[in-house]
Amino acid sequence: MSYQAVDQVDYMVEDQEMEDFGPEFDDENYDRDGGELGVDEYSMLTRVTDTSAAQARRGKDIQGIPWDRLNITRDKYRLTRLEQYRNYENVPLSGESVDKECKPMEKGGSYYEFFHNTRLVKPTILHFQLRNLIWATSKHDVYLLSNSSVMHWSSLTGNLSEILNFSGHVAPTEKHAGNLLEGFMQTQISTLAVKENFLVAGGFQGELTCKRLDKEGVSFCTRTTYDDNAITNAIDIYDSLRGGINFMASNNDCGVREYDMEKFQLLNHFRFPWPVNHTSMSPDRRLISVVGDHTDGLVVDSQSGKTVATVVGHLDYSFASAWHPDGRTFATGNQDKTCRVWDIRKLSSPIAILKGNLGAVRSIRFSSDGQFVVVAEPADFVHVYSTKSDYKKRQEIDFFGEISGVSLSPDDESLYIGIWDRTYASLLQYNRRHTYGYLDSYF
């Protein structure tokens, strides 16, 4: 992530929210007929209401947006968004170049079906380029950033609870070598990762805060760097080769640091020639995909940090990466509006180029069974591609609002999408679609 971008936190996110309906919707206080709305009518338009699958089947908008009361149709507003949304680029015209060369893959897949949208949950974003702020640890349990707090949402009980509040003082309660016992004050959280029983939050000033979810308090705090350019861009939690759990933090100071999660000791510190925006550990724990403020991506040895291969093809900076469970393919997401899929056995060119509709690819998630890859744009669109169809068929999930993150549950049964917006902020839940035969029903 470019250092200048830190000063542009509100770029797009402030300017392009759902509230701003463009010239066709000049004032939210006017109805479809142009008459001024009363207080009660305006309240009805913006009140918090969830949407269930049954309501959606009966025609209710999945986000609860009352299109019949507005002076613009959903289809017309969609066209307005596509025409007016500004994709952020570090390399000028990178998106336009891709638009001319690549076409979107065929739509029509139906792999996940809408289940519920809750507006009680209010996901937020603190940096417009960093969108890994939603994590599902089961099909019912989701962790997310909401303002200054990490929250837990249970779709089973409908309960929203606070896990960590960073608006004040956060300090560790355990003793570990290198633990910053004084902790931090008013940490701005830039990125988040939650897996199994561990939570790691990264901050704008190189802060790392680690917590075990089954224990009270914080386990470990450290500041990875005191560099002026210190924002933590991404965190990856994974099982180590030695049997424990490790995590890797990607930083804007051009460094990648690996820690164990038992004693929270620094295991490796790899340095690169440009700010690192995202890393992903391969399933066999031997390779790391590294992307950042460069058009090329790297594949590096996880033990030595030495570059094994370079992938060339993107036209802008990359902010997302993920490995397929087979360990042979991985994907990279870029501000040129594409997700490119690479085969480690032949890296001269991507095996698939997956083009977005609106803007940069900010998040990528492969399903645990390897059948799907979920690709999130900065706003409005999440695409689910079938790997069995060689990525040539996709399901398009279409809504309105900035995306704070996407996450598949470990069993792939649920897909969660965080939507950031002043009025229509919410958490979308889609469930895996299953086709059962006669014998399945019988048993």
Side-chain angles (χ1 to χ4, degrees), residues 13-14 16-19 43 45-56 60-66 112-128 130-167 188-195 199-201 211 213 362-363 365 374 376-382 397-411 413-432:
V13 179
E14 287 286 344
Q16 304 186 137
E17 297 171 86
M18 180 60 200
E19 280 191 317
S43 176
L45 285 179
T46 58
R47 68 185 179 188
V48 175
T49 56
D50 288 1
T51 305
S52 67
Q55 290 173 317
K60 182 179 178 180
D61 182 83
I62 62 170
Q63 294 177 265
I65 300 170
Y112 284 82
E113 56 187 349
F114 174 76
F115 180 73
H116 194 82
N117 182 51
T118 176
R119 290 175 65 182
L120 176 65
V121 180
K122 306 287 188 185
T124 52
I125 301 164
L126 286 183
H127 194 285
F128 73 92
L130 307 178
R131 306 297 185 94
N132 293 298
L133 299 170
I134 300 284
W135 294 88
T137 56
S138 80
K139 62 183 177 182
H140 301 303
D141 297 284
V142 186
Y143 294 84
L144 66 140
L145 183 69
S146 182
N147 296 314
S148 298
S149 295
V150 176
M151 309 294 292
H152 169 253
W153 165 253
S154 170
S155 64
L156 194 62
T157 65
N159 184 54
L160 181 67
S161 56
E162 186 178 71
I163 302 300
L164 268 178
N165 188 324
F166 288 93
S167 64
Q188 288 185 294
I189 300 302
S190 54
T191 192
L192 180 70
V194 186
K195 183 176 180 181
L199 180 155
V200 183
K211 176 179 173 57
L213 295 175
R362 297 287 181 200
S363 300
R365 301 283 186 267
V374 179
E377 300 190 45
D380 293 19
F381 294 102
V382 170
I397 299 174
D398 176 343
F399 50 89
F400 295 99
E402 296 288 324
I403 300 169
S404 69
V406 294
S407 185
L408 286 163
S409 59
D411 61 3
E413 286 299 311
S414 294
L415 166 63
Y416 289 94
I417 303 168
I419 301 175
W420 188 90
D421 187 85
R422 284 198 191 102
T423 304
Y424 294 104
S426 66
L427 184 68
L428 284 171
Q429 179 182 350
Y430 283 73
N431 285 351
R432 182 86 168 257

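For reference, positions follow the sequence shown, starting with 1.
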K.L.:
Do W135 and V142 pass the side chain to side chain contact (heavy atoms under 4.5 Å, CB included) test, and can you show the C-alpha distance, the side-chain angles, and the key distance before you say yes or no?
P.N.:
CA-CA 6 Å; W135 294 88; V142 186; over 6 Å; no

K.L.:
Nearest 0.5 Å please: distance from the CG atom of D421 over to the CD1 atom of I65.
P.N.:
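Result: 8.0 Å between the selected atoms.
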
K.L.:
With no hydrogens and no angle check, is any side-chain donor or acceptor of D141 less than 3.5 Å from a backbone partner on S154?
P.N.:
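No.
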
K.L.:
Compare all side-chain heavy atoms of N132 with those of S363 and state whether any distance is below 4.5 angstrom.
P.N.:
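Heavy-atom side-chain distance check passes, below 4.5 Å.
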
K.L.:
Please name the pair of heavy atoms, one in K139 and one in Q429, separated by the smallest distance, quoted to 0.1 Å.
P.N.:
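The answer is O-NE2, 4.0 Å.
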
K.L.:
When you measure from the side chain of R119 to the backbone N and O of T423, does any donor-acceptor pair fall under 3.5 Å?
P.N.:
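At least one qualifying donor-acceptor pair exists.
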
K.L.:
If you take all heavy atoms of D50 and T118, which pair is closest and at what distance?
P.N.:
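Taking D50 first and T118 second, the nearest heavy atoms are OD1-CA, 3.4 Å.
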
K.L.:
Which residue, I189, N165, I163, L164, forms the side-chain contact (heavy atoms from CB on, under 4.5 Å) with S149?
P.N.:
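Checked I189, N165, I163, L164 against S149; only one passes side-chain contact (heavy atoms from CB on, under 4.5 Å): N165.
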
K.L.:
Could you report the tightest heavy-atom contact between K60 and T49, atom names first, then the distance?
P.N.:
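Where K60 meets T49 most closely, the heavy atoms are NZ-OG1, 3.8 Å.
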
K.L.:
Counting C-beta onward and ignoring hydrogens, is there a side-chain heavy-atom pair between V150 and V194 closer than 4.5 Å?
P.N.:
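Answer no - side chains too far apart.
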
K.L.:
Could you tell me which non-hydrogen atom of Y416 sits nearest to which non-hydrogen atom of H140, and how far apart they are?
P.N.:
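The pair with the smallest heavy-atom distance is OH-CA, 3.9 Å.
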
K.L.:
Should F399 and N117 count as side-chain neighbours, where that means a heavy-atom distance under 4.5 Å?
P.N.:
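Not touching, per the 4.5 Å side-chain cut-off.
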
K.L.:
Can you tell which of I134, L120, L160, I419 makes a side-chain contact (heavy atoms from CB on, under 4.5 Å) with L427?
P.N.:
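Testing L427 for a side-chain contact (heavy atoms from CB on, under 4.5 Å) against I134, L120, L160, I419 leaves exactly one candidate, I134.
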
K.L.:
Can you tell me how far CZ of F400 sits from CD1 of I62, rounded to the nearest 0.5 angstrom?
P.N.:
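Here the interatomic distance stands at 10.0 Å.
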
K.L.:
Ignoring hydrogens and geometry, is there a side-chain-to-backbone donor-acceptor pair from S409 to S414 under 3.5 Å?
P.N.:
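Yes, because the side chain of S409 sits within donor-acceptor range (under 3.5 Å) of the backbone of S414.
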
K.L.:
First locate atom CG of L130, then atom CG of L192, and finally report the distance between them rounded to the nearest 0.5 Å.
P.N.:
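Separation between the atoms: 12.0 Å.
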
K.L.:
Let me see the working for V406 and I417 under side chain to side chain contact (heavy atoms under 4.5 Å, CB included), right down to the final yes or no.
P.N.:
CA-CA 5 Å; V406 294; I417 303 168; 4.1 Å; yes

K.L.:
Would you say the side chain of L408 lies within less than 4.5 Å of the side chain of Y112, judging by non-hydrogen atoms?
P.N.:
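Contact flag for Y112/L408 side chains = yes.
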
K.L.:
Taking all atoms of both residues into account, what is the closest heavy-atom pair of P66 and Y424, and its distance?
P.N.:
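What the structure gives for the nearest pair is CD-OH, 3.5 Å.
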
K.L.:
For F114 and L428, which heavy atoms make the closest approach, and how far apart are they?
P.N.:
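Scanning both residues completely, I find the closest heavy atoms to be CE1-CD2, 3.8 Å.
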
K.L.:
To the nearest 0.5 angstrom, please state how far the CD1 atom of I403 sits from the CH2 atom of W420.
P.N.:
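I403 CD1 to W420 CH2: 13.5 Å, rounded to 0.5 Å.
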
K.L.:
Looking at CG of L126 and OG of S148, how far apart are the two atoms once the value is rounded to the nearest 0.5 Å?
P.N.:
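L126 atom CG to S148 atom OG measures 7.0 Å (nearest 0.5 Å).
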
K.L.:
When rounded to the nearest 0.5 angstrom, what distance separates CG in L415 from CD in E113?
P.N.:
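Spacing of CG (L415) from CD (E113) equals 12.0 Å.
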
